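Order of the sequence lines sets the chain letters (A, B, ...), proteins ahead of strands, with each chain counted from 1. As the structure is a prediction and not an experimental result, all values here were calculated from the model.
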2 protein chains.
Amino acid sequence: MTQARRGPRERMVFSAAQLIRRQGVTATGMREVAAHADAPRGSLQHYFPGGKEQLVNEAVAWAGRYAARRVARFLAGLDRPTPSGLFAAMAAQWTDEYAADGFTAGCPVAAATVDCATSGDSTREAAATAFATWRGPVAEALTGMGVPPVRADSLATLMISTLEGAILMARAERDVRPLTTVVEELGPLLDAATGEGRAGEAIAAAD
Amino acid sequence: MTQARRGPRERMVFSAAQLIRRQGVTATGMREVAAHADAPRGSLQHYFPGGKEQLVNEAVAWAGRYAARRVARFLAGLDRPTPSGLFAAMAAQWTDEYAADGFTAGCPVAAATVDCATSGDSTREAAATAFATWRGPVAEALTGMGVPPVRADSLATLMISTLEGAILMARAERDVRPLTTVVEELGPLLDAATGEGRAGEAIAAAD
DNA sequence: CGGCTACTATGACCGCTGTCATAGTCGACC
DNA sequence: GGTCGACTATGACAGCGGTCATAGTAGCCG
């Protein structure tokens, strides 16, 4: 959530993501997006001839890229990088936001996934690629910490799933408890995966 | 889900939950709910004088009770109850549904949480109590399996968070992979919490 | 200047939403 | 039968949704 002085088009995509993650897709109107972005209403059909569907999809894609970018920053912020540290940083972004701005917003990708009836199937695909865009850097970071590549992708899925669910519950309860809880509970499991050679395979094979 | 021959009121609540978990709250119209429930449109204002908000809240509450009820059934279905077995059963309900009916629906509580702009704050509270209603039996089941009571609630939160997130990702990707992945990855952690006396406290204190 | 392109500005259209108002039906009870 | 209550049936209303159509402006190029 950074620079506000970009082109109107970019501002509208950003505003769309902001509104979607607060209200959901259907409840967010295009006029509202334009107003929130201080952009002229006439620009909507000019920049997004594909209509609301295109705007929503771009907002979701933007959110995916944003999440991926954040992973790199979180890594840079850890002086001794561990999986649990990365996960804690990812969750901390949400606890911080909730402490500062209240529990008004969630993840735009989650909102789009839940609310993809209005926008056609393309929005669901956009959400899927957004999740993949996000999961990539997380898995990469895990391998960089010594997690076997086979498990890295699984653990990245676990981390993102858990985080999304915790965001959901935290928003519902208006309490960061779910976020802090999953960080504490999942941390040991994540760190245990580093440096284990065939131990990881053993666990996986135990099934 | 189950019995279709109940009173019209109950059918409407059930249909509302069904439609909400497919389309989201805002995208689901009241006329649509009545039609889906084969209920007369005039009954809407009669049974739900509180309007859409009341209907949505009751649907969410119903979903919470339903999830709680399912936990008991899952427990009964396990011949040797373990935390990982319970979690796997919870996830299997979703993989089964997705295999049978496609990835069209998610969790109604999640949908209501994301999309609570139209309905006022009461819907958010309904979602919070639904999560609590769900978490209760899960935590209780865990303590019954030997998990220390202090950790049981945390692990229940972890299980539900992870499951909700995995449902989300599975729906987006149209693939049950996230669900199966989190079951495999989380299983050992959950089972490790059974029967540990002060080991659990040690982990928690290590922080 | 003319012409072109990028962008902006409105206004209108149609469909759908939740909600209210009114009238109608049905069945039980005295 | 008469009356009351629960329930059903429509119709209308006001508002907002996305989208199309049309006209307008600004700036650059030749």
What integer distance in Å separates [X]:[atom1] from [N]:[atom2]?
{"X": "A:Lys52", "N": "D:dG17", "atom1": "NZ", "atom2": "P", "value": "8 Å"}
{"X": "A:Met30", "N": "D:dC20", "atom1": "CE", "atom2": "C1'", "value": "14 Å"}
{"X": "A:Leu44", "N": "D:dG17", "atom1": "CG", "atom2": "C1'", "value": "13 Å"}
{"X": "B:Met12", "N": "C:dG18", "atom1": "CE", "atom2": "P", "value": "14 Å"}
{"X": "B:Phe48", "N": "C:dC20", "atom1": "CZ", "atom2": "P", "value": "15 Å"}
{"X": "B:Asp38", "N": "D:dA9", "atom1": "CG", "atom2": "P", "value": "11 Å"}
{"X": "A:Ile20", "N": "D:dG17", "atom1": "CD1", "atom2": "P", "value": "14 Å"}
{"X": "B:Gln23", "N": "C:dC16", "atom1": "CD", "atom2": "P", "value": "14 Å"}

Taking the side chain of [X] as its heavy atoms from C-beta onward, which of [options] lies nearest to it?
{"X": "A:His46", "options": "D:dG18, C:dC7, D:dT8", "answer": "C:dC7"}
{"X": "B:Arg31", "options": "D:dC7, C:dC7, C:dT17", "answer": "C:dT17"}
{"X": "A:Tyr47", "options": "D:dT8, D:dG17, C:dC7", "answer": "C:dC7"}
{"X": "A:Gln45", "options": "D:dA6, D:dG18, D:dA21", "answer": "D:dA21"}
{"X": "B:Arg41", "options": "D:dA12, C:dC7, D:dT8", "answer": "D:dA12"}
{"X": "B:Pro40", "options": "C:dT8, C:dT17, D:dT8", "answer": "D:dT8"}

Checking all strands, does B:Thr26 fall into the base, sugar-phosphate, or nothing category for heavy-atom contacts under 4.0 angstrom?
nothing
Distance alone, cut at 3.5 Å: any donor-acceptor contact between the side chains of B:Glu97 and B:Gln93?
no
Is the closest side-chain donor-acceptor distance between B:Glu184 and A:Ser154 under 3.5 Å?
no
Looking only at atom types and distance, does a side-chain atom of [X] sit under 3.5 Å from a main-chain N or O of [Y], one as donor and one as acceptor?
{"X": "B:Asp115", "Y": "B:Val25", "result": "yes"}
{"X": "A:Arg124", "Y": "B:Glu173", "result": "no"}
{"X": "A:Thr162", "Y": "A:Met159", "result": "no"}

